[in-house]
Peer 1: 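I'd like to ask you about the structure that follows.
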Amino acid sequence: MSGATGTNAAPHDEQVWHGWLTGNSSLLEEINASVRFDHRLARHDIDGSIAHARMLAARRVITEQEADAIVAGLELVREEIRTGAFTFDPALEDVHMNVEARLRTLIGPVAGRLHTARSRNDQVAVDTRMWVRDAIDRLDALLARLITVIAVRAEAHHGDVMPGFTHLQCAQPVTIGHHLLAYGEMLLRDRDRLRSARRRLDESPLGAAALAGTVHPVDPEDTARRLGFGRVFRNSLDAVSDRDFILDYLSAGATLAVHLSRLGEELVIWSTPQFGFIELPEHLCAGSSIMPQKRNPDLPELMRAKSGRVFGDLMALLTVMKGLPLAYSRDMQEDKEALFDAADTLEVSVRAAEAMLRGITFRTRKTRADAALGNAVATDLADWLVADRSLPFREAHTVVAGLVKWLGVQGKELKDAAPGDLAGFDERFATLPAEVLTVEHAVTRRNSPGGTAPALVREAAAELHRRNTETD
Ligand code: ARG
C-alpha cells in the first residue's frame with residue numbers, strides 16, 4: 001500500500017461524483033476509505049468489469065470498439081497491480097474507484113462508459129462473491145489434504161491402542177486410528193458445509209445496479225455466464241443488500257475452527273510428559289527464552305486460539321448486518337476485514353493442522369500402557385457377565401462397580417488383577433478368560449458398526465480416503 005499521492009491519483013475534479021459533492025475531509029477519508037483492505041478484490045473487480053463491458057457491447061449499450069478499449073485498459077491495470085506498479089490511493093476510497101480512475105487515465109473518457117447500468121453496490125456484491133468462492137475452493141483443497149493425512153495416519157495406527165476418555169477420565173480403550181478418524185468425519189462435514197455455502201452463493205448480482213434494476217437493456221445471464229456463476233439474482237434489492245453468503249462461509253469456518261481448536265487442545269495435552277502420547281516434530285516447536293529444556297507446542301496452541309478470531313469475525317458481521325434497512329448501506333463495507341481475516345486465519349490453521357498431523361510421532365507403548373489405567377476394561381467385564389453368565393446389564397454393572405471398589409481398597413486396579421483375584425470377589429468370575437482383562441481384547445471385540453475394532457478402523461480409513469477424494 002502506498003501514501004495518498006500515487007501515479008493513478010485522480011485530481012479532485014475527476015472524481016466520479018464530480019459536480020455533486022465538493023470539499024474534502026481527511027476524517028471522511030479515514031473512516032470511509034476501504035482500499036487499504038479491499039484492494040484484495042482487485043482481480044475480481046477487473047473480471048467483473050470485463051464481463052460487464054462485454055455484456056454492454058453485446059446488448060449494444062456501448063460499441064464493440066468501446067468495449068475493446070475498456071477491456072484492454074483493464075488488462076493493463078491488472079498487469080500493473082500484479083507487478084506492484086499500481087499505487088492505490090485512499091482519496092479514491094475503494095478498489096472499485098481506484099481501478100476505474102486508473103482506467104480513465106489510461107484510456108481516456110471512454111472509461112466512463114463502463115459504469116453504465118452498474119453501481120458500486122452490485123459491483124462490490126459480485127466481487128465479494130467471487131472472492132468468497134475462491135476462498136471456499138482454497139480452504140476446501142487444504143481440508144482435503146488434511147483429511148488425506150488423517151486417513152494415512154489412521155491406517156498406520158489402526159491397531160495401536162490408546163485410552164478413550166469421557167470427561168477426560170479413562171473410559172474405554174480405543175485405537176489411535178479410531179480417534180484420528182473422528183476428526184476425519186468432522187472435517188469431511190466441514191467440507192460439505194463449505195460446498196453447500198458455495199452452492200448458495202453461486203448467483204450473480206450484476207445487473208441489479210444500485211437497488212432497483214436499470215433502464216438499460218442489460219443481460220444478467222450473460223455476465224453471470226462470463227463470471228462462472230450458475231444462476232442470476234431474482235430480486236435486485238436482495239442482490240445488493242445481503243451478505244448471507246459471507247455469513248455462510250464464516251459460520252462454516254467457525255465450526256471448522258472449533259474442530260481445529262479441539263484437535264489443537266488434544267495435541268497440547270498429549271505432548272505433555274504427563275500424557276506423553278506424542279512427540280512433537282522439533283521443527284514445529286518453539287523454545288523458551290529462560291527454560292533451556294522447553295519444547296513448547298505453540299503451533300497447536302495457536303490452532304486452538306485462532307478459533308477466537310474466526311468466531312469474532314462471524315459475530316462482527318452478524319452484528320453489522322442485523323439492523324440494516326434494505327437495500328445497501330455503507331455499514332456493509334465492514335464485511336471485508338472480517339472476511340479476509342477469517343479466510344487467512346482458517347487457511348493457516350488448516351495448514352498448521354496438516355503439518356502437525358504429518359509430523360507427530362505416536363508413542364504407542366505409552367498409549368497402550370495408559371489405555372489400561374483407570375479400570376478401563378470394567379465395561380468389558382460387565383459385558384462378559386451379560387454375555388457369558390446371562391446377568392442383566394444393570395446387575396453386571398453393580399457387580400463390577402463393587403469389584404472395582406474392592407480392588408481400590410487394596411490399592412489395585414483391574415489391570416493389576418488376575419482372574420483368580422476376581423473369583424475371590426465373586427465366584428461368577430471363576431470361568432473368566434484372562435484376555436477379557438486386556439485392552440487388545442477390549443478394542444478387538446468392539447466391532448459393532450462405527451466401532452473401534454482395528455479391522456473396522458482399517459476399512460474406515462480407506463473409506464474416509466475414498467469419500468474425501470470423490471468428486472460431487
Ligand atoms: N466500498 C464499498 C463497500 O465495500 C463499495 C460500495 C459502495 N457503495 C456506495 N453506494 N457507497 O461496500
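Computed from a prediction, not measured in an experiment: that's the story for all the values here. In listed order, ligands and their atoms are each counted from 1.
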Peer 1: When you measure from atom 3 (C) of ligand 1 to every protein heavy atom, which one gives the shortest distance, and what is it?
Peer 2: Tyr328 OH, 3.2 Å
Peer 1: Please list every donor-acceptor pair under 3.5 Å in which a side-chain atom of residues 299-307 meets a protein atom from a residue at least two apart or in another chain.
Peer 2:
unit_1, atom_1, unit_2, atom_2, d
Glu301, OE1, Asp298, N, 3.4
Arg304, NH1, Glu265, OE1, 2.5
Ser307, OG, Arg304, O, 2.7

Peer 1: Under a 4.0 Å threshold between the charged nitrogen and the carboxylate oxygen, would Arg200 count as salt-bridged to Asp248?
Peer 2: yes
Peer 1: In terms of residue, atom name and distance, what is the protein heavy atom nearest to atom 10 (N) of ligand 1?
Peer 2: Asn121 OD1, 3.0 Å
Peer 1: Please state which protein non-hydrogen atom is closest to atom 5 (C) of ligand 1 and give its distance, to 0.1 Å?
Peer 2: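 Atom 5 (C) of ligand 1 sits closest to the protein heavy atom Asp94 OD2, 3.5 Å.
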Peer 1: Tell me yes or no: between the side chains of Asn468 and Thr148, is some donor less than 3.5 Å from an acceptor?
Peer 2: yes
Peer 1: How far is atom 2 (C) of ligand 1 from its nearest protein heavy atom, and which residue and atom is that?
Peer 2: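 Atom 2 (C) of ligand 1 sits closest to the protein heavy atom Gln333 OE1, 3.2 Å.
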Peer 1: Would you check the N or O atoms of Lys336, main chain and side chain alike, for any that come under 3.5 Å of an N or O of ligand 1?
Peer 2: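 Yes, there is a polar N/O contact under 3.5 Å.
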Peer 1: Are more than 12 heavy atoms from other residues, nucleotides or ligands located less than 6.0 Å from atom CZ of Arg145?
Peer 2: no
Peer 1: Do His158 and Glu459 have side-chain N/O donor and acceptor atoms under 3.5 Å apart?
Peer 2: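 The answer is no; no qualifying pair exists.
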Peer 1: Please list, in number order, the atoms of ligand 1 under 4.0 Å from a heavy atom of Ser34.
Peer 2: 1 (N)
Peer 1: Decide side-chain contact (heavy atoms from CB on, under 4.5 Å) for Arg102 and Thr105; before the verdict, give the C-alpha distance in whole Å, the side-chain angles of both, and the deciding distance to 0.1 Å.
Peer 2: CA-CA 5 Å; Arg102 181 64 183 148; Thr105 308; 3.7 Å; yes
Peer 1: Which is it for Arg330 and ligand 1 at heavy atoms under 4.0 Å: side chain, backbone, both or neither?
Peer 2: side chain
